[in-house]
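Within every chain, numbering begins at 1; the chains are lettered A, B, ... in the order of the sequence lines, protein sequences first and strands thereafter.
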Amino acid sequence: MSTRCIALVDVNNFYVSCERLFRPDLMNLPVIVLSNNDGCVVARSEEAKVLGVPMGVPWFRVRELVKNSGITVFSSNYPLYADLSHRVMSLLSTFSSSQEIYSIDESFLDLTGMSSQMEQYGQVIRKRVDQWVGLPVSIGMGPTKTLAKLANYLAKKRPVYRGVCDLGAMSSGQMESIFASIPVSEVWGIGRRTTELLERVHIRTVAHLRELDTTVARRRFSIVLERVVKELQGISCLDLEQILPAGRQQIICSRSFSHPLTGLNEIKEAIALYTERAAEKLRLQCSLAGRIQVFIQASLFKPEERRHSYAVTLSLSLPTDDTACLVRNAFLALEKLYRPESRYVKAGVMLMELHSKSHRQSVLFGVSEEVQSAKRRDQLMNVMDGINHRWGKHILGLGWSGLAKPRPWVMKQDYKSPGYTTDWQQLPVVKA
DNA sequence: TCTGGGGTCCTAGGACCC
DNA sequence: TCTGGGGTCCTAGGACCC
């Protein structure tokens with residue numbers, strides 16, 4: 001039996017690469033992409049990294065640097081990224097019968113037994129994604145997910161691997177010396193806090209961590225760290241999760257406002273809109289929510305308590321996916337939270353205790369009036385989702401989310417690129 | 001003046017029960 | 001008035017990920 005081979009394929013500087021796909025003139029030039037509301041930097045090209053733009057830095061803090069260095073800036077264009085992500089993922093699915101889509105730009109593939117030359121096979125995948133979609137990927141391989149992640153780090157950081165690194169093909173001596181050169185903070189699952197704790201016991205490199213006794217890892221740290229150590233040792237603890245997006249356990253929709261809001265009505269508009277979106281996602285995965293939480297974040301006047309977050313959670317008498325019912329409950333929660341003297345900078349809605357919809361049918365069976373009414377609501381929601389899907393987001397809503405468009409509070413997106421692949425009006429024009 | 005949004009998993013502690 | 005041990009369930013919060 002051959003050892004397991006897990007590959008992690010990920011798109012290099014994904015958002016930047018998506019923008020460049022339609023702006024080839026920006027190839028080899030510094031480019032960054034901002035988060036929602038143009039809040040902070042979430043993606044950087046290699047050239048921008050070299051110029052010293054840190055990851056996650058607030059936009060206002062690097063604005064000058066960016067302008068002076070001639071860096072091109074984009075607001076996030078999620079419809080574009082989601083569309084390109086989908087193309088990459090479906091192409092990757094043809095290389096393996098077992099795929100986990102881990103994030104918008106990352107996918108695990110089980111490549112066990114696919115080839116005796118895994119590194120070459122990886123190069124084939126890279127080339128195919130480049131030719132068919134036009135995006136650059138790096139590929140890491142190893143016997144566990146954590147090792148595949150680590151291999152991916154090497155594939156990306158060290159040119160010697162030419163974008164594909166297979167730890168499974170290395171001798172233990174080779175691995176040992178490579179691991180001794182990687183800081184422990186690069187390991188998947190080791191964040192800032194754990195890095196500090198490990199530092200105290202002089203565990204600084206991947207090699208150190210790999211040697212840690214697993215029972216000690218569990219006793220002194222946590223069950224999570226024990227798993228990480230085992231995975232580094234080649235003992236698989238994390239399975240490929242081939243769940244569709246259908247399996248979410250909670251659904252959140254939240255946004256910062258373009259400027260602080262004080263009026264209840266404006267905040268209600270936002271909450272209604274967020275609830276509508278969350279409910280749409282809920283119906284898309286055929287679930288019902290049992291609880292709903294509303295939270296609002298206030299920016300206070302005193303600098304030492306600049307932001308304060310409050311939340312109210314309500315249990316619904318019956319699990320539901322009905323937008324109207326969810327919005328009603330969201331408003332109840334909001335009214336408990338709202339203080340007229342506060343300035344609110346962000347709000348959100350969270351749907352929790354999600355159950356599969358097929359389950360509810362049986363609960364309601366026999367209560368004919370309720371069944372009839374639930375059926376009618378279902379039909380209404382189906383029609384709404386259908387129209388919004390066909391004609392664009394939120395053509396049809398429930399009137400609570402405000403009629404004035406553009407809504408004054410929606411997020412800033414000052415540098416957004418066109419919807420090249422998702423809007424007929426914005427298709428790129430090819431010059432002959 | 002300006003610091004994203006959407007997730008998962010684990011743990012500690014309180015309430016309650018026997 | 002003193003006060004054990006064990007179990008479950010729930011919630012809040014931390015840590016981490018992209």
Seminar exercise, completed: Between A/Cys253 and A/Arg227, the residue closer to the 5' end of DNA chain B by nearest nucleotide is A/Cys253
For this session: For the pair A/Glu226 and A/Arg219, find out whether any cationic side-chain nitrogen is under 4.0 Å from an anionic carboxylate oxygen.
Result: no
Problem set entry | Pair A/Thr146-A/Arg227, side-chain donor/acceptor within less than 3.5 Å | no
Exercise. With distance as the sole criterion, is a donor-acceptor pair present between the side chains of A/Arg291 and A/Ser315 under 3.5 Å?
Worked result: yes
Exercise. Has A/Lys412 got a side-chain N or O lying under 4.0 Å from the OP1 or OP2 atom of B/dC2?
Worked result: no
Exercise. Any luck finding a side-chain donor-acceptor pair between A/Tyr274 and A/Glu269 under 3.5 Å?
Worked result: no
Exercise. In whole angstrom, what separates A/Met352's CE from B/dG7's C1'?
Worked result: 14 Å
Problem set entry | A/Arg87 and A/Asp83 ion-paired at < 4.0 Å | yes
Seminar exercise, completed: Reading nucleotides 10-18 of chain C from 5' to 3' and marking B where a protein heavy atom lies under 4.0 Å of the base, S where only the sugar-phosphate is that close, and - otherwise, the string is -S---SSSS
Exercise. In whole Å, what is the span from the NZ atom of A/Lys346 to the C1' atom of B/dT3?
Worked result: 10 Å
For this session: Under 3.5 Å for both distances, Watson-Crick or G-U wobble, that's the pair rule; now give the dot-bracket for DNA chain C, with | marking pairs to another strand and [ ] for crossing ones.
Result: ....||||||||||||||
For this session: Mind calculating the distance between CG (A/Asn37) and P (B/dG5) to the nearest angstrom?
Result: 6 Å
Problem set entry | Atom-to-atom span, CZ of A/Phe60 to C1' of B/dC2 - whole angstrom | 5 Å
For this session: Look at all strands and tell whether A/Leu34 reaches a base, only sugar-phosphate, or nothing, counting heavy atoms closer than 4.0 Å.
Result: nothing
Exercise. Does A/Ser256 place a side-chain N or O at less than 4.0 Å from the phosphate oxygens OP1/OP2 of B/dT3?
Worked result: no
Seminar exercise, completed: Taken to the nearest whole Å, NZ/A/Lys67 to P/B/dC2 is 18 Å
Exercise. OH of A/Tyr415 versus C1' of B/dC2: gap in Å, rounded?
Worked result: 12 Å
For this session: Between B/dG7, B/dT8, B/dG5, spot the one nearest the side chain of A/Ile252, thanks.
Result: B/dG7
Exercise. Looking only at heavy atoms, which two atoms of A/Arg44 and A/Ile32 are closest? And how far apart?
Worked result: CG-CG2, 4.1 Å
Exercise. Given B/dG4, B/dG5, B/dC9, which nucleotide is nearest the side-chain atoms of A/Gln249?
Worked result: B/dC9
Exercise. Rounding to the closest angstrom, what is the interatomic distance between B/dT3 and C/dC18 at atom P?
Worked result: 24 Å
Seminar exercise, completed: Minimal heavy-atom distance between A/Val62 and A/Pro54, with the atoms involved, is CG1-CD, 4.2 Å
Seminar exercise, completed: Residue pairs passing the ring-ring contact (aromatic ring centres under 6.0 Å, His included) test with at least one member in residues 185-231 of chain A, sequence neighbours excluded, are A/Tyr102-A/Trp188, A/Phe108-A/Trp188
Exercise. What is the distance, rounded to the nearest whole Å, between atom NZ of A/Lys145 and atom C1' of B/dC9?
Worked result: 13 Å
Exercise. Side chains of A/Asn13 and A/Ser45: donor-acceptor distance under 3.5 Å anywhere?
Worked result: no
For this session: Look at A/Lys49 together with A/Glu46 and state whether they make a salt bridge at an N to O cut-off of under 4.0 Å.
Result: yes
Exercise. Roughly, in whole Å, what's the span from OH in A/Tyr78 to P in B/dG4?
Worked result: 12 Å
